[in-house]
Protein chains: 2
Amino acid sequence: MEIVIDIDDPIPLFAQLIEQIKHAVAKEHLKPGDALPSIRQLANDLALNSKTVAKAYRLLERDSIIQTKGYRGTFIHPEAKKNSAVDMAAWVEEKITHTIAVCRDAGVTDSEIRIAFANVMNKRNV
Amino acid sequence: MEIVIDIDDPIPLFAQLIEQIKHAVAKEHLKPGDALPSIRQLANDLALNSKTVAKAYRLLERDSIIQTKGYRGTFIHPEAKKNSAVDMAAWVEEKITHTIAVCRDAGVTDSEIRIAFANVMNKRNV
DNA sequence: ACTTGTACCATCACTATACATGGTACATAT
DNA sequence: ATATGTACCATGTATAGTGATGGTACAAGT
């Protein structure tokens, strides 16, 4: 596990971390069951804030790339390789692209779309 | 046509203008074919910038509430009353609400939805 | 000449969000 | 005690979008 973080890279630090762990899983440098460094340990090694690492871990767990087992630490998920191939972001963009295209076709301005989007996002009861 | 603009109202000025013209159409204080003040005239009367009035007119025309006839001025659209009842904003919100709900159900965070949305909006080739 | 809508150029204040940081605290399980 | 993930409090910087403003200019039609 060599992880390199470039603070000058425009890609957010937490995203660089996710990217590299996913890549290591895809390349099988990390296999199911392998232990990952603790959040605090990794934050210390990479000179990052623990919240930044925690954010990456939280998202990786949501995508079932890793599994956190409380006090016992964090491990590579059994289905990690398969799940690392799933591009959730692309799927979301595809959904949103379609909706926006429909609105634009109806003559709605981008500004209005943005306002409607903001309104919906800020109604938590959705 | 008495239009009152309240600069202390949190509602944007151009939106107040749209609102009041639509209302006048719905109440039939403005009927199809009625002439509206020119952009510069109305801007002057209401102490608004002409671009602000132009924005309102542009949106009203898109929604077929008014018709601009170049040098001849601006008039109430024949179908204005019917079109003033159409709530484009609500329709857009409904579309977006559905898409966002689907994404949230899939476990996508609001932050990720926002980023995907921004990405799509900034790809003009949609 | 004059007015119409429209299209550029631009600036400013305001707001919202993302990202990253820091500190403190907690239950869990060794 | 110690270490785990996690949750809450908070701040600061940077970016992006909105709303509104102002100026200049143009074709179209009287």
Quick one: [X] [atom1] to [N] [atom2], roughly how many Å, whole number?
X        : N      : atom1 : atom2 : answer
B:Ile113 : C:dA16 : CD1   : P     : 19 Å
A:Arg40  : C:dT24 : CZ    : C1'   : 11 Å
B:Leu17  : D:dA20 : CG    : P     : 10 Å
A:Gln41  : D:dT2  : CD    : P     : 16 Å
B:Phe117 : D:dT15 : CZ    : P     : 21 Å
A:Ile7   : D:dT13 : CD1   : C1'   : 15 Å
A:Leu59  : D:dG5  : CG    : P     : 15 Å
B:Tyr57  : C:dG5  : OH    : C1'   : 11 Å

Which nucleotide in the list [options] gets nearest to the side chain of [X]?
X        : options                : result
B:Leu13  : D:dG19, C:dT4, D:dA20  : D:dA20
B:Pro12  : C:dG5, D:dA20, C:dC19  : D:dA20
B:Ser111 : C:dA18, D:dT4, D:dA20  : C:dA18
B:Leu48  : C:dA18, D:dT21, C:dT4  : D:dT21
B:Phe14  : D:dA20, D:dG5, D:dT18  : D:dA20
B:Asn122 : C:dA20, D:dG22, D:dG17 : D:dG17

Task: Residues touching DNA chain D, which here means a heavy atom under 4.0 Å, drawn from residues 60-82 of chain A - done: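 Going residue by residue through residues 60-82 of chain A, the ones with a heavy atom under 4.0 Å of DNA chain D turn out to be A:Glu61, A:Thr68, A:Gly70, A:Tyr71, A:Gly73, A:Thr74.
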Task: Phosphate OP1/OP2 of C:dT4: any B:Ser38 side-chain N/O under 4.0 Å - done: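 Answer yes for this pair, as a side-chain N or O of B:Ser38 is under 4.0 Å from OP1 or OP2.
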Open item on the list: Looking at B:Asn49, I'd like to know whether one of its side-chain N or O atoms comes within less than 4.0 Å of OP1 or OP2 on D:dA20.
Closed with: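 No, no such contact exists.
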- [ ] Report yes if some heavy atom in the side chain of B:Ile100 is under 4.5 Å from a heavy atom in the side chain of B:Ile113; otherwise report no.
- [x]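 Answer yes - side chains close enough.
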- [ ] For the residue pair B:Leu60 and B:Thr74, establish whether any side-chain heavy-atom pair is separated by less than 4.5 Å.
- [x]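 A side-chain contact under 4.5 Å is absent here.
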TODO: Give one of base, sugar-phosphate or nothing for B:Ser50, where a contact means two heavy atoms less than 4.0 Å apart.
DONE: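 No contact.
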- [ ] Sort by first number and list every stem of DNA chain C: at least 3 consecutive Watson-Crick or G-U wobble pairs, both distances under 3.5 Å.
- [x]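 Stems found: C:1-30 with D:1-30.
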Rounded to the nearest 0.5 Å, how far does [atom2] of [Y] lie from [atom1] of [X]?
X        : Y       : atom1 : atom2 : result
A:His77  : A:Thr68 : NE2   : OG1   : 10.5 Å
A:Asn83  : A:Ile66 : CG    : CD1   : 12.0 Å
B:Ile3   : B:Gln16 : CD1   : CD    : 10.5 Å
A:Cys103 : A:His98 : SG    : NE2   : 10.0 Å
A:Lys22  : A:Asp87 : NZ    : CG    : 6.5 Å

Task: Set of side-chain contact (heavy atoms from CB on, under 4.5 Å) partners for A:Ala54, sequence neighbours left out - done: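 A:Ala54: side-chain contact (heavy atoms from CB on, under 4.5 Å) contacts with A:Ile39.
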TODO: Examine the base of C:dG5 for any acceptor or donor lying under 3.5 Å from a partner atom in the side chain of B:Arg58, and report the outcome as yes or no.
DONE: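 Not at all, since no donor on one side and acceptor on the other fall under 3.5 Å apart.
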TODO: Please report the closest heavy-atom contact between A:Arg62 and B:Val108, naming both atoms and the distance.
DONE: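 Heavy-atom minimum between the residues: NH1-CA, 3.6 Å.
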Task: A:Glu93 and B:Asn119: CA distance, side-chain angles, deciding distance, side chain to side chain donor-acceptor pair (under 3.5 Å) verdict - done: CA-CA 8 Å; A:Glu93 280 201 22; B:Asn119 286 344; 2.9 Å; yes
